[in-house]
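Letters A, B, ... are given to chains in the order of the sequence lines, protein chains preceding strands, and every chain is numbered from 1. Any value given below was found using the heavy atoms of this structure, including those in side chains, with hydrogens, waters and symmetry copies removed.
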Amino acid sequence: MIPKDLTAAQRRAVDHREGPILVIAGPGSGKTRVITCRIAALIDSGVKPRSICAITFTNKAAEEMRNRVIAMGTPGGAHISTFHSLCVRILRRYAEAAGIKPNFSIYDTSDQAKCMKQAIRDCDLDKANFPPRRMLAAVSDLKNRLVDSDALAATADNFFTRSLAPVYRRYDEILGRSNALDFDDLLLKTALLLRREKAIREDLSRSFEFLLIDEYQDTNHAQYVIATQLVCAHDNICATGDPDQSIYRWRGADIRNILAFEKDWPGAAVVKLEENFRSTPNILRAADSLIANNVSRKQKKLISTRGAGAEIALTAFDDEAEEAEAVALRIKRLAESDSPGKAAVLYRINATSRVLEEALVRNEVPYQIVRGVEFYNRREIRDMLAYMKVIANPNDEASLLRIINTPQRGIGKVTIERLRKYAAARGVGLFESLRQNADSAGKRRGGAACFVRMMEKFRRRSGRGVEALMREVFRESGLAAALQKLPDGEDDIENVEELINSAARYDSEAEEPSLADYLQQISLFSDVDSYDSTADRVPLMTLHAAKGLEFDNVFIVAVEQGLLPHARSEDLAALEEERRLFFVGMTRAKSGLHISFARYRTFRGDAMPTVPSHFLDELGLPVRESNGESIGETGSLAGSPDRPLFKPGQGVRHPRFGPGRVIDFADMGENSMVTVRFARGTKTLMVKYAKLAAK
DNA sequence: CATAGCCGCCTTTTT
DNA sequence: GGCGGCTATG
């Protein structure tokens, strides 16, 4: 049943039936609840669950929404997933029309890097001048905007794009012959498929009578096109989001999608949810005071429905160890108090978690680092999954290269190069090349032939459940034996056991279990998917990962220039996104908000003086020293030296001379001089002119 | 073909 | 401070 306590505005969003609707919802406005109720209300009014498609930002959010719909006593069965998962389903179903095979592999960042390096080599370019990372970022950007390699080649008008075009094409060819898609391809191929194939588009649009999209402010162009095509038959689109919480511009998210919604769907109903049921007025006042500094922004009110609550703690610490210790102690005391509540620690970059972990361990505070993909990045897990991928998709070259000689079977670089040449000459895949040369390939006699026979046997048995197959692969591939010989092999084996357990869970829970589906699903696993909100452990996560979550007590640490805003946010748009990120972090807090910075922080081994984040000046809050002494209102922070103070021994970087080490520093205020030893000699520079960056 | 050791660069954020 | 890539050696 739909709850009775919805506000009038929430009710309108829930009850609205036909046609487009935009819900502009501030933080803590019950947006997720509204979407859930809307799904339930649609089903209550006779819409078949299967004809509702809701899109969330993470798998975790999807899972929770599914559970909530069912908890409301409504039948399940609505399609609730992320854009990427939806695309995988569509591409598998219409694989032929999309020009792929349904057992495609999904390439992650490290697979992508391998393919890109190969592409750069194949195009006879030097990877020193064309760094794979940069090329991948450019390709990703193009794919998000649905520009394929042909289109790029046709419009390339400068040195970079003219060099990029053939690399892009080659990169796609490598993925193509591997029957592999990268993350961006999932969206791009789906968008192009829907745009091109009228029958498929209409088929899907009719099967999904209602489309709901959460976090619409963070959709990119490809996702926008997919959404548009999916509702072509009825325009029953409900988008919800908050422009102030757009934090994925760097990944192609286009805030114009939400800003232009009313233009895209004229006559759209617009509902604003401005009441905040989550945070105390103190928290909202500070968050509002911060976000008001963004120039490109529509004014919006945040109205708290709660009592004033505790003051926000804004604390200066001497260094990161002191900060971490204080956070750990505070959390410990909260946990022991009468109303413990849920606490979380948020930071800008993952590297910050280390010192916090140490402090939490020391103080015996149970914690969880919310970084789900870390497990899947472990060497032994990647090896196991590479075997599984080659079994599911023999064309998967990146995975085959990973396991062809793991464990060692005498197939080294020279052999692989020979197999590659053979494959290219005959127009066959690498595995096929290996199969045809199995008897002659490799130094160790029979190693290659044995490998081919083994893989083909696995393939024949791949229909009998992922768990069973994985056990067999682990044992018979020799991986288990190889790990046993390693000094710390016990841990590795335990990790593989955990992977096998997850496969067992998959086998029993999946609707239509298959090896390809299993592999595709775990490829789309996100960091926050590993967050267990029911566990009694303090979550540590990035500000990005905290999107959509809430906690009684939030600790935001390391709020320093260079970290938040991050040093690499150079233009105004990037800076404003950093401010939104801080805003997102602050508005995760219900009652307690603890913001802190450290005067010295260790980067890569060197303790560096820091500058408190300029954002802190925008909060309108008093700052306290770690000993409890007040050091005045914020705004006074602006008076603290913005110019860098260098000290001998410190590592620095100069835009022209590169990295160097400080030998001497003469503090003469504005006219300070610094002497630095660079690779090509020692220089004495005026601090105010030399654009020296602390390293 | 395997491996130890060294250099250089680096991740900011992630589906 | 850590990983990947390169080189020299077995």
Side-chain angles (χ1 to χ4, degrees), chain A residues 55-62 81-88 106-110 112-114 117 127-128 131-134 136-137 140 143-144 181-188 215 218-220 222-223 246-253 346-355 370-374 376-377 379 405-417 441-444 447 520-529 541-547 558 562-570 574 577-578 580-582 584-585 602-606 651 653 658-659 679 695:
Chain A
I55 295 172
T56 56
F57 200 71
T58 63
N59 295 305
K60 188 85 190 172
S81 75
T82 64
F83 259 114
H84 285 84
S85 295
L86 175 67
C87 289
V88 165
I106 298 172
Y107 275 6
D108 67 12
T109 318
S110 76
Q112 285 179 278
K114 270 188 215 131
K117 279 175 199 163
K127 69 176 188 306
R133 279 202 79 79
R134 174 137 181 258
L136 274 173
S140 172
K143 286 186 175 180
N144 285 330
L181 305 181
D182 62 26
F183 289 123
D184 303 314
D185 281 335
L186 295 173
L187 304 175
L188 172 128
E215 309 284 9
D218 275 323
T219 50
N220 63 29
Q223 290 166 327
S246 162
I247 54 174
Y248 283 95
R249 192 185 75 111
W250 53 275
R251 206 173 73 182
L346 310 181
Y347 37 74
R348 177 64 175 84
I349 64 168
N350 283 303
T352 311
S353 70
R354 204 186 186 116
V355 62
V370 181
R371 264 210 109 182
V373 297
E374 219 162 50
Y376 292 94
N377 281 333
R379 195 197 63 257
N405 200 31
T406 310
Q408 288 163 14
R409 43 179 76 88
I411 306 176
K413 224 164 71 180
V414 178
T415 310
I416 289 170
E417 220 26 68
K443 198 176 179 182
R444 206 170 304 168
Q520 287 161 356
Q521 280 199 23
I522 63 171
S523 299
L524 298 179
F525 209 72
S526 74
D527 273 352
V528 77
D529 293 340
M541 65 183 97
T542 62
L543 290 161
H544 283 91
K547 171 176 173 146
L563 282 175
L564 186 63
H566 194 273
R568 295 183 75 142
S569 359
E570 276 153 354
E577 177 146 306
E578 295 287 305
R580 290 194 293 270
L581 193 52
F582 193 20
V584 167
T602 306
F603 292 101
R604 297 195 259 266
D606 288 333
R653 173 176 288 277
K695 200 178 128 194

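- Rounded to whole Å, the distance from CD1 on A:I416 to C1' on B:dA2 is 13 Å.
- Every residue two or more places apart in sequence or in another chain that forms a salt bridge (charged side-chain N to carboxylate O under 4.0 Å, His left out) with A:R371 is listed here: A:E374, A:D527.
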Measure all distances between protein nitrogen or oxygen atoms and nitrogen or oxygen atoms of nucleotides 13-15 of chain B, and list the pairs falling under 3.5 Å.
residue : atom : partner : partner atom : Å
B:dT13  : OP1  : A:N350  : N            : 3.4
B:dT13  : OP1  : A:N350  : ND2          : 2.8
B:dT13  : O4'  : A:R348  : NH1          : 3.1
B:dT13  : O2   : A:W250  : NE1          : 3.4
B:dT13  : O2   : A:R348  : NH2          : 2.9
B:dT14  : OP1  : A:D527  : OD2          : 3.4
B:dT14  : OP1  : A:T542  : OG1          : 3.0
B:dT15  : OP1  : A:S526  : OG           : 3.2
B:dT15  : OP1  : A:D527  : N            : 3.3
B:dT15  : OP2  : A:D527  : N            : 3.4
B:dT15  : O4'  : A:R251  : NH1          : 3.4
B:dT15  : O3'  : A:H84   : ND1          : 3.3
B:dT15  : O2   : A:H84   : NE2          : 3.2

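- Residues forming a side-chain contact (heavy atoms from CB on, under 4.5 Å) with A:A222 (at least two apart in sequence, or on another chain): A:L146, A:L187, A:N220.
- Comparing A:K413 and A:R354 against DNA chain C, the residue whose closest nucleotide sits nearer the 5' end is A:R354.
- Mapping A:V414 and A:S569 onto DNA chain B by nearest heavy atom places A:V414 at the nucleotide closer to the 5' end.
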At a cut-off of 3.5 Å, list every protein nitrogen or oxygen paired with a nitrogen or oxygen from nucleotides 3-6 of chain C, distance to 0.1 Å.
residue : atom : partner : partner atom : Å
C:dG5   : OP1  : A:K117  : NZ           : 2.4
C:dC6   : OP1  : A:K127  : NZ           : 2.9

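- Take A:R251 and apply the side-chain contact (heavy atoms from CB on, under 4.5 Å) test, not counting sequence neighbours, and it matches A:F57, A:Y248.
- The salt bridge (charged side-chain N to carboxylate O under 4.0 Å, His left out) search around A:D529 returns none, not counting sequence neighbours.
- Not counting sequence neighbours, A:D184 has no partner by the salt bridge (charged side-chain N to carboxylate O under 4.0 Å, His left out) test.
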Task: Pairing pattern in dot-bracket form [Watson-Crick, G-U; both distances under 3.5 Å; | = partner strand] for DNA chain C - done: .|||||||||

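- Taking the side-chain contact (heavy atoms from CB on, under 4.5 Å) definition, one finds that A:T602 meets it with A:E320, A:A607, sequence neighbours left out.
- Checked against ring-ring contact (aromatic ring centres under 6.0 Å, His included), A:Y347 has no partners two or more places apart in sequence or in another chain.
- Rounding to whole angstrom units, CZ of residue A:R568 and C1' of B:dC10 are separated by 9 Å.
- Annotation: side-chain contact (heavy atoms from CB on, under 4.5 Å) contacts of A:S569 (sequence neighbours excluded): A:P565, A:H566, A:A574, A:E578.
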TODO: Assess whether side-chain contact (heavy atoms from CB on, under 4.5 Å) is satisfied between A:I349 and A:T542, documenting all intermediate values.
DONE: CA-CA 6 Å; A:I349 64 168; A:T542 62; over 6 Å; no

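- Under the salt bridge (charged side-chain N to carboxylate O under 4.0 Å, His left out) criterion, A:R379 pairs with A:D492, not counting sequence neighbours.
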